[in-house]
> 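Structure provided below as structure tokens; questions to follow.
Predicted model only: the values in this text are computed from it and were never measured.
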Amino acid sequence: NTGSLNVAEAYDKISTEPERKGTCKYLRDEAVTGEDANVYSDVFASKTGTANGTVWISKKNGWVLKREVDVEIAGVGKGHQSIVFEYPTK
């Protein structure tokens with residue numbers, strides 16, 4: 001988390017408000033830690049603010065490999081979060 005607010009809480013609030021508008025679209029193929037992934041963007045706008053995210057989904061098993069989110073809430077501030085997920089190997 002970087003910025004002046006809790007990004008996860010802000011993202012949840014923005015992306016679940018009843019009047020929100022959102023889009024999701026495929027961007028490209030890319031590897032994350034050596035694993036092939038589909039990369040998607042998701043954008044939400046609501047009365048509270050805006051959230052712009054990018055998510056990397058494993059082509060192998062559908063698991064989320066990486067997530068980046070930028071949020072902005074008017075009068076409160078901005079924040080950025082980047083997470084790389086690691087799963088146990090069998």
> Asn52 and Val69: side-chain contact (heavy atoms from CB on, under 4.5 Å), yes or no, with the steps?
CA-CA 6 Å; Asn52 296 288; Val69 178; over 6 Å; no
> Identify the two heavy atoms, one from Trp56 and one from Glu68, that lie closest to each other, and give their separation to 0.1 Å.
CZ3-CG, 3.8 Å
> Carefully, step by step, assess Ile14 and Ile73 under the rule side-chain contact (heavy atoms from CB on, under 4.5 Å).
CA-CA 9 Å; Ile14 293 166; Ile73 295 181; 4.1 Å; yes
> Going only through I, L, V, M, F, W and Y residues with side-chain contacts under 4.5 Å, is there a path from Phe44 to Val76?
yes
> Is Val55 reachable from Ile83 through a run of I, L, V, M, F, W or Y residues, each pair having side-chain heavy atoms under 4.5 Å apart?
yes
> Indicate, with yes or no, if the rings of Trp63 and Tyr87 have centres closer together than 6.0 Å.
yes
> Of all the heavy-atom pairs spanning Ala10 and Leu5, show the shortest one and how long it is.
CB-CD1, 3.5 Å
> If every non-hydrogen atom of Thr50 is compared with every non-hydrogen atom of Ala45, which pair is closest and at what distance?
CG2-CB, 4.3 Å
> Measure across Lys66 and Phe85 and return the closest heavy-atom pair with its distance rounded to 0.1 Å.
N-CD1, 4.0 Å
> Is there a path of hydrophobic side-chain contacts, each under 4.5 Å between heavy atoms of I/L/V/M/F/W/Y residues, joining Tyr40 to Val64?
yes
> Looking at Val39 and Glu30, what are the two nearest heavy atoms and their distance?
CG2-CB, 3.7 Å
> Could you check Glu17, Lys13, Arg20 and say which one makes a side-chain hydrogen bond (donor to acceptor under 3.5 Å, both in side chains) with Ser46?
Glu17
> How about Lys59 and Asn38: do any of their side-chain heavy atoms sit closer than 4.5 Å?
yes
> Quick one: which of Asp42, Thr16, Asp70 gives a side-chain hydrogen bond (donor to acceptor under 3.5 Å, both in side chains) with Tyr11?
Asp42
> Using side-chain heavy atoms (C-beta onward) and a distance below 4.5 Å, is Thr33 in contact with Leu65?
no
